[in-house]
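Okay, so here's the structure we're looking at.
All values below come from the heavy atoms of this structure, side chains included, with hydrogens, waters and symmetry mates left out.
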Amino acid sequence: MENTHSNRKLGLCLVLLAFTIWGLIPLYFKTLIEVSPLEILAHRAVWSLFFLIGIILIQKQFMQIFECLKNKKYRSYLLLTAILISSNWLIYIWAILHNYMIEASLGYFLTPLLNILLGVLFLKENLYFMQKISLIITIIAIFVQFSSAKFFGVGPWISISLALTFGIYSLIRKKIAVNSEIGLSIETLYLFPFAFGYLLYIFFNQNMIFLNSLNISLLLMFSGVVTALPLLLFVAGSKYLPLSSVGFFQYISPTSQLLIAIFAYNEKASVEKIISFSLVWIALSLYIIHSVYQIYFNKKIQIKS
């Protein structure tokens with residue numbers, strides 16, 4: 001019993017640390033305001049690969065990478081997920097650097113509910129009544145975002161694009177039995193030639209900021225750790241926690257990003273944004289309350305039986 005309690009405490013600390021890092025990442029990318037989003041993305045892919053190779057060497061998992069690459073289905077799926085996750089990273093970095101942090105945080109609030117919709121459409125999962133209500137409220141929230149005069153502005157599209165790219169990414173990764181370290185390593189391996197090629201191109205055209213400033217160079221190199229470390233912490237910690245607990249913690253990141261946007265960078269929250277966020281929070285609250293009830297109710301049934 002003591003061992004189980006200790007494991008849960010360890011899991012709680014690791015998962016909280018992972019989501020805290022994700023929540024504070026905007027502060028990190030804001031320090032790279034002089035660097036173009038594409039260059040940051042290229043560095044993020046290159047240094048993530050080097051960091052993950054170090055982890056895989058320590059864990060002696062190289063054979064798992066080769067086994068995974070032998071599988072044609074896995075190769076194809078991971079190529080697609082590499083495109084999706086790099087698109088998600090690029091949109092997110094662009095949003096942070098161009099003061100659209102509120103829209104970015106809304107995108108990650110929408111992601112869990114979008115995952116439910118994708119599960120219904122592609123995995124034939126059934127929804128309870130309260131989950132259907134949550135989805136309907138979320139769809140209304142999206143329409144509110146697009147109902148403003150800035151329908152063709154970038155704001156709402158950032159939220160939708162981030163939610164879609166990460167939602168579809170999660171759906172595909174769910175369909176293949178590859179652990180996070182191996183999957184992310186192969187994804188960054190796919191991205192490496194393009195990322196490194198782009199860095200060489202801007203270096204020879206004297207457009208590269210990397211190496212011109214020691215601080216910026218170190219920050220760009222450390223972006224690999226910032227990318228991979230929270231994911232590794234999350235995977236390690238979530239093994240010791242119930243899925244319901246992990247579900248609660250995933251809202252730490254977008255909440256932190258929203259607070260940072262408003263209080264640290266003075267981003268304005270329009271009426272449409274406030275209404276949209278309020279509807280999403282209502283939908284999330286209904287979904288979480290229902291999930292907790294289901295878990296508690298099922299436990300009571302199991303105890304009685």
Side-chain angles (χ1 to χ4, degrees), residues 17-58 78 81-101 103-105 107-108 154 158 161-162 165-166 169 180-181 183-235 253-254 256-257 260-261 264-265 267:
L17 183 56
F19 281 113
T20 301
I21 293 171
W22 276 324
L24 296 176
I25 276 180
L27 295 172
Y28 183 85
F29 285 125
K30 278 289 190 181
T31 63
L32 296 169
I33 196 75
E34 302 169 46
V35 189
S36 73
L38 206 52
E39 184 176 346
I40 295 173
L41 174 66
H43 280 286
R44 196 174 182 182
V46 168
W47 299 112
S48 292
L49 179 61
F50 289 150
F51 178 71
L52 287 162
I53 285 172
I55 297 294
I56 286 167
L57 279 171
I58 293 169
L78 287 169
T81 56
I83 294 168
L84 286 166
I85 199 62
S86 59
S87 301
N88 184 273
W89 288 350
L90 182 59
I91 295 164
Y92 182 69
I93 294 166
W94 188 93
I96 298 300
L97 297 183
H98 289 82
N99 302 316
Y100 285 100
M101 210 182 299
E103 285 78 6
S105 66
Y108 289 117
V154 294
I158 289 170
S161 299
L162 285 172
T165 51
F166 197 76
Y169 172 83
S180 295
E181 302 99 297
L184 187 59
S185 297
I186 293 172
E187 287 163 355
T188 51
L189 189 63
Y190 277 132
L191 297 174
F192 181 83
F194 303 100
F196 190 69
Y198 177 73
L199 292 177
L200 285 178
Y201 170 77
I202 59 175
F203 173 77
F204 286 115
N205 283 275
Q206 298 181 334
N207 293 324
M208 181 187 275
I209 295 181
F210 184 67
L211 299 179
N212 289 341
S213 162
L214 178 61
N215 287 342
I216 289 177
S217 298
L218 290 173
L219 285 167
L220 287 170
M221 291 174 69
F222 198 68
S223 65
V225 178
V226 170
T227 298
L229 181 61
L231 179 62
L232 297 176
L233 290 170
F234 172 75
V235 171
S253 300
S256 301
Q257 291 165 15
I260 289 169
Y265 295 103
E267 287 192 21

> Is the centre of the W22 ring less than 6.0 Å from the centre of the Y108 ring?
Replying inline: no
> S48 and T227: which non-hydrogen atoms are nearest, and at how many Å?
Replying inline: OG-CB, 3.3 Å
> Nearest heavy-atom pair of Q257 and G23: which atoms, and what distance?
Replying inline: CG-O, 3.7 Å
>> Tell me whether the count of non-hydrogen atoms from other residues, nucleotides or ligands lying under 6.0 Å of OH in Y28 goes above 12.
In response: yes
> Shortest non-hydrogen contact from E39 to L199?
Replying inline: CG-CD2, 4.0 Å
> If you look at every heavy atom in I56 and S185, which pair is closest and at what distance?
Replying inline: CD1-OG, 2.9 Å
>> Please enumerate all residues that pass side chain to side chain contact (heavy atoms under 4.5 Å, CB included) together with L214, with sequence neighbours excluded.
In response: L218
> About how many Å separate CG of L78 and CG of L84, when rounded to the nearest 0.5 Å?
Replying inline: 11.0 Å
> To the nearest 0.5 Å, how far apart are CD1 in I40 and CD in E34?
Replying inline: 10.5 Å
> Parallel, tilted or perpendicular for H43 and W47, by the 30°/60° rule?
Replying inline: parallel
>> For F222, I'd like to know if atom CZ has over 12 heavy atoms of other residues, nucleotides or ligands within 6.0 Å.
In response: no
> Which atom pair, heavy atoms only, marks the closest approach of A104 to A95?
Replying inline: CB-CB, 4.2 Å
>> Which heavy atom of Y92 sits nearest to which heavy atom of P26, and what is that distance?
In response: OH-CG, 3.3 Å
>> Before we go on, tell me: are the rings of F203 and F210 under 6.0 Å apart, centre to centre?
In response: no
> Can you list the steps and then say if L229 with V225 is a side chain to side chain contact (heavy atoms under 4.5 Å, CB included)?
Replying inline: CA-CA 5 Å; L229 181 61; V225 178; 4.1 Å; yes
> Would you say the side-chain atoms of N88 pair up with the backbone N or O of T165, donor to acceptor, closer than 3.5 Å?
Replying inline: no
> Is the number of heavy atoms from other residues, nucleotides or ligands under 6.0 Å of F166 CZ greater than 12?
Replying inline: no
> How many angstroms lie between atom CD1 of I25 and atom CE of M101, to the nearest 0.5 angstrom?
Replying inline: 12.0 Å
>> I need the N99 CG to Y265 OH distance, nearest 0.5 Å.
In response: 9.5 Å
> What's the verdict on side chain to side chain contact (heavy atoms under 4.5 Å, CB included) for Y190 and T81, showing C-alpha distance, side-chain angles and the deciding distance?
Replying inline: CA-CA 10 Å; Y190 277 132; T81 56; over 6 Å; no
>> Please determine whether side chain to side chain contact (heavy atoms under 4.5 Å, CB included) holds for the pair L27 and L24, giving the CA-CA distance in whole Å, both sets of side-chain angles, and the decisive distance to 0.1 Å.
In response: CA-CA 6 Å; L27 295 172; L24 296 176; 4.0 Å; yes
> Taking atom CD1 of I96 and atom OG of S105, what is their separation to the nearest 0.5 Å?
Replying inline: 8.5 Å
> Could you walk me through whether I216 and L220 pass the side chain to side chain contact (heavy atoms under 4.5 Å, CB included) check?
Replying inline: CA-CA 6 Å; I216 289 177; L220 287 170; 3.8 Å; yes
> Side chains of S223 and R44: is there a donor and an acceptor less than 3.5 Å apart?
Replying inline: no
